[in-house]
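Data block below; observations after.
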Amino acid sequence: MNKPFRIAMLGKQGAGKGTQCARISEKFSIPHISTGDMLRQAVKAGTEFGLKAAEYMERGDLVPDEVIIGTVVERLSESDALDRGYLLDGFPRTLAQAKALDTAIDGALKLVVNLDVATEIVLERLSSRRVCEGCGRTYSTSNPPTHGWTCDSCGGEVVQRADDKPEAISRRLALYDELTAPLIGWYDEKGILVTIEGSGDLDIVTSNIVQSIQSVVS
Ligand code: AMP
């Protein structure tokens, strides 16, 4: 298994992409590149890029393609990604991003995992999700930290993400249907798409993803 892994994960917000990508990235020692995390870090650091992105993110809108594409392409040229490949989480999210990625890496994505979860389930997950502002650890209203809303790992404050509030959630899911869902057919036609049912037991979902990856990267 020494060929670079070049994998992208598609799925609605709340489908569990972040959790599954973290597990897969650890198992295969490949960089987990999450555009949502990159953007949240930039917002927190108050960079010019972060300030530009923040207003889109809070509304639940997508950050413009020209802003995100350059950042991702630059990240993919770093040595860990060149050596080992990468697991893209939250990118591409539009056809323009998918085409730019194809051009940047010479059309060489090996696998696109479509993590499929019904809308009613993601709505419930997103509205009950709470996140530590310090380390990003995720909780929910039914699985809160041990002491109030203070993170068990780092002591940071555990809050609801601005984009997990009801208006932003509807906006994000509508944009997913309009702009991201068409990528499922696009990658299927290229013969590199696998759909994994993502609402069941976490370990079973992970093991199904691992099997799909092992069948293409050998
Ligand atoms: P996520 O954590 O993946 O749900 O991303 C959080 C927010 O970051 C999204 O709602 C968008 O505002 C922004 N974002 C993340 N990835 C992208 C992307 N590929 N294109 C445009 N905006 C993005």
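Order of listing sets the numbers, starting from 1, for every ligand and every atom in it. In this text, all values refer to a predicted model and were calculated from it rather than measured experimentally.
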*Return yes if some donor-acceptor pair links the side-chain N/O of Lys12 with the main-chain N/O of Val117 below 3.5 Å, else return no.*
yes

Residues 35-51 vs salt bridge (charged side-chain N to carboxylate O under 4.0 Å, His left out), sequence neighbours excluded, gives Asp37-Arg40

Legend entry - Derivation and outcome, salt bridge (Lys or Arg N to Asp or Glu O under 4.0 Å), residues Arg23 and Glu26: CA-CA 5 Å; Arg23 290 170 157 221; Glu26 193 181 342; over 6 Å; no

Enumerate, one pair per line, all nitrogen or oxygen atoms of ligand 1 lying under 3.5 Å from a protein nitrogen or oxygen, stating the separation to 0.1 Å; write 'none' if no such pair exists.
residue, atom, partner, partner atom, Å
ligand 1, 2 (O), Arg40, NH1, 2.9
ligand 1, 2 (O), Arg40, NH2, 3.0
ligand 1, 2 (O), Arg161, NH2, 3.4
ligand 1, 3 (O), Arg93, NH1, 3.1
ligand 1, 3 (O), Arg93, NH2, 3.2
ligand 1, 4 (O), Arg93, NH2, 3.2
ligand 1, 4 (O), Arg172, NH2, 3.2
ligand 1, 12 (O), Asp61, O, 2.6
ligand 1, 16 (N), Thr35, OG1, 2.8
ligand 1, 16 (N), Gly90, O, 3.4
ligand 1, 16 (N), Arg93, NH1, 2.9
ligand 1, 19 (N), Gly90, O, 2.8
ligand 1, 19 (N), Gln97, OE1, 3.0
ligand 1, 20 (N), Gln97, NE2, 2.9
ligand 1, 22 (N), Val63, N, 3.0

Here the salt bridge (charged side-chain N to carboxylate O under 4.0 Å, His left out) pairs for residues 120-142, sequence neighbours left out, are Arg129-Asp164

Are any non-hydrogen side-chain atoms of Asp152 and Tyr139 less than 4.5 angstrom apart? yes

Contacts satisfying salt bridge (charged side-chain N to carboxylate O under 4.0 Å, His left out) that involve residues 58-69 (not counting sequence neighbours) are Arg59-Asp61, Asp61-Arg171

